[in-house]
Amino acid sequence: MKQEDIKSYLDNPQFIEAVILGELYKIDNKIQVGKFNKFAKEFNLDKQNKQGVEELLSFIHNDEDLVEIYNSATLGNIDTQTLKELNQQEANSAFNTISSYVIDNTEVLANNREFNKIQREGAYLHHLIDGLHRNLRDELDSLKVTNYIDKEFKVTFPNGNKEMILCLADWHIGALVNNVETGGYDFNMFKERLNEVINQAIAKIKEKGITKVHVYHIGDIIEHINMRNVNQAFEAEFPATEQIAKGIRVLVEALNTLADTGIAITFGLVGGNHDRFQGNKNDKIYNDNIGYLVLDNLFFVQELGGLRENITLLDNRNDTYNLYDQVAGKKVKVVHGDHEGKKTDVKIPKHIKNEAIDYLIMGHIHTTRIIQEDYSRFHVYVGSTMGANNYSAENNLPTTSPSQMFLVIDPEQDSPEFQPVFL
């Protein structure tokens, strides 16, 4: 950037914060809160805790101008030393003409910082919705030209009465993972893996004579960035708004591909911890979740005729954390699983309210688990298209292969078929 351009931003705290964060990431390949606060003090900015820095990163990442500044700082094209020098020049120039103003300047700056903090927090949702509309329009327009999901799935079906549950979980669209053991992860790899899941599901539909498919997305459709540690916050392929738009488009394509087989399709979803708006789970507002946005937009796409007529959407917009369905005479509940305790393998009883639950389906832990509880009831954990990631490596968790799952349920017998699909 030219010095004249930089000078025009010197009174904007968000510009300075973007430069500081970008420079820290360039130097250490991560962002330490203590170092950020050292710079913040030098520039008369507010100190931040870990959550505050995460919120700054989130806001910057969703603002086209600020993320450009951040990226420039990570490349070394602008740094804090330049800001200090220009600040000093401005101060020396201004002193002769506005020295009386300096007396009150500290209070004014403090008020400005508080205003910018409020403005930043309030603007996040506005940026998110505005960006979602823009990116979703682009994604749906391009559906006319290209497809994410392969279309070579035409099959004929024998008569039968079995039903399938296709479990989709923890896509983390937008995440970038470098892991040689599991092959890494990005959006192109996600599309390849999802195509394999759809391919195998339709082959199983043909083999078993399935009459109806219940498709559940079990949360963490997107990677977001609020949910990542500060040093991982920019391991994202594209902004949250584009992540959401691509997630909606992929769901539309996958559902339509399944529906083109001619059988009835039911779809429902729950929100995951990466889908919530607030980074800190203690600050979350119940049901304030990107899962709601995705489902609401799917209903809108349906109204516009973008979903096949044999697709039914389950409407749990009043509570996107819980989904109930009836499959081949069995009661099914779906939750993401981030609130499940680790001390016991008995999960179902606490979820029972008015009637028994036969299958409790969860995701979140990026691995496959099938555990029998009382009688022939099961709780099931579904894997992730991502597989192991940096978080699991740093916390010595299992190095799991990417996977999804489907279940085949026969109403005439009590023997479900569980099939993980490893990718």
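Remember, predicted model here, so these are calculated numbers, not experimental data. By convention here, the first residue in the shown sequence is residue 1.
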Identify, with sequence neighbours excluded, every residue that meets salt bridge (charged side-chain N to carboxylate O under 4.0 Å, His left out) alongside Lys47. none

Any side-chain heavy-atom pair from Val197 and Leu166 closer than 4.5 angstrom? yes

Who pairs with Lys212 by side chain to side chain donor-acceptor pair (under 3.5 Å), at least two apart in sequence or on another chain? none

Between Cys167 and Leu407, what is the shortest heavy-atom contact and its length? SG-CD1, 3.8 Å

Shortest non-hydrogen contact from Ala254 to Ile198? CB-CD1, 4.1 Å

Ala245: what forms a side chain to side chain contact (heavy atoms under 4.5 Å, CB included) with it, not counting sequence neighbours? Leu132, Asn135, Leu136, Glu139

Salt bridge (charged side-chain N to carboxylate O under 4.0 Å, His left out) partners for Lys350, two or more places apart: Glu340

Has Asn199 got a side-chain atom pairing as donor or acceptor with Glu196's backbone, closer than 3.5 angstrom? no

With sequence neighbours excluded, residues passing side chain to side chain donor-acceptor pair (under 3.5 Å) with His214: Glu163, Asp325

Partner set under side chain to side chain contact (heavy atoms under 4.5 Å, CB included) for Lys333, not counting sequence neighbours: Asn322, Tyr324, Val335, His351, Ile357, Leu360

How would you list, by chain and number, every residue that makes a side chain to side chain contact (heavy atoms under 4.5 Å, CB included) with Glu68, sequence neighbours excluded? none

Return yes if some donor-acceptor pair links the side-chain N/O of Asp358 with the main-chain N/O of Lys330 below 3.5 Å, else return no. no

Are the aromatic ring centres of Phe267 and Tyr216 under 6.0 angstrom apart? no

Examine Lys246 relative to Phe238 and say whether NZ or CZ is less than 6.0 Å from the centre of the six-membered ring and inside a 45° cone about the ring axis. yes

Under the salt bridge (charged side-chain N to carboxylate O under 4.0 Å, His left out) test, which residues partner Asp28, sequence neighbours left out? Lys35

Do Trp171 and Gln243 have a side chain donor and acceptor closer than 3.5 Å? no

Taking the side chain as C-beta and beyond, is there a heavy-atom pair between Ile290 and Ile244 under 4.5 Å? yes

Is there a salt bridge (charged side-chain N to carboxylate O under 4.0 Å, His left out) between Glu253 and Arg249 once you walk through the steps? CA-CA 6 Å; Glu253 284 198 49; Arg249 174 180 171 176; 3.0 Å; yes

Can you tell me if Arg193 uses its side chain to pair, donor with acceptor, with the backbone of Thr385 under 3.5 Å? yes

By side chain to side chain donor-acceptor pair (under 3.5 Å), Glu309 pairs with (sequence neighbours left out) none

Short question: side chain of His336, backbone of Ile218 - any donor-acceptor pair under 3.5 Å? yes

How long is the straight-line distance from CG of Asp319 back to OH of Tyr292, given to the nearest 0.5 Å? 12.5 Å

Sequence neighbours excluded, which residues qualify as side chain to side chain donor-acceptor pair (under 3.5 Å) partners of Gln302? none

Would you check if the distance from the ring center of His274 to the ring center of His364 is below 6.0 Å? no

For the pair Lys331 and Glu355, find out whether any cationic side-chain nitrogen is under 4.0 Å from an anionic carboxylate oxygen. yes

Check whether any side-chain heavy atom of Phe187 sits under 4.5 Å from a side-chain heavy atom of Val250, and report yes or no. yes

Taking CZ in Phe300 as the centre, count heavy atoms belonging to other residues, nucleotides or ligands within less than 6.0 Å. Is the count above 12? no

Rounded to the nearest 0.5 angstrom, the CD1-CG distance for Ile221 and Asn289 is 9.0 Å

In Å and rounded to the nearest 0.5 Å, what is the CG to CG distance from Leu269 to Leu251? 7.5 Å

Side-chain heavy-atom pair Leu75, Lys26 within 4.5 angstrom cut-off: no

Using residues 416-423 as the side-chain source, report each donor-acceptor pair under 3.5 Å to any protein atom, sequence neighbours left out, with the distance given to one decimal.
residue	atom	partner	partner atom	Å
Glu417	OE1	Lys208	NZ	3.3
Glu417	OE2	Lys204	NZ	3.0
Gln419	OE1	Lys204	NZ	3.2

Verify whether one side chain among Thr257 and Asp260 offers a donor that lies under 3.5 Å from an acceptor in the other. no

Results of salt bridge (charged side-chain N to carboxylate O under 4.0 Å, His left out) for Asp315 - residues two or more places apart only: Arg317

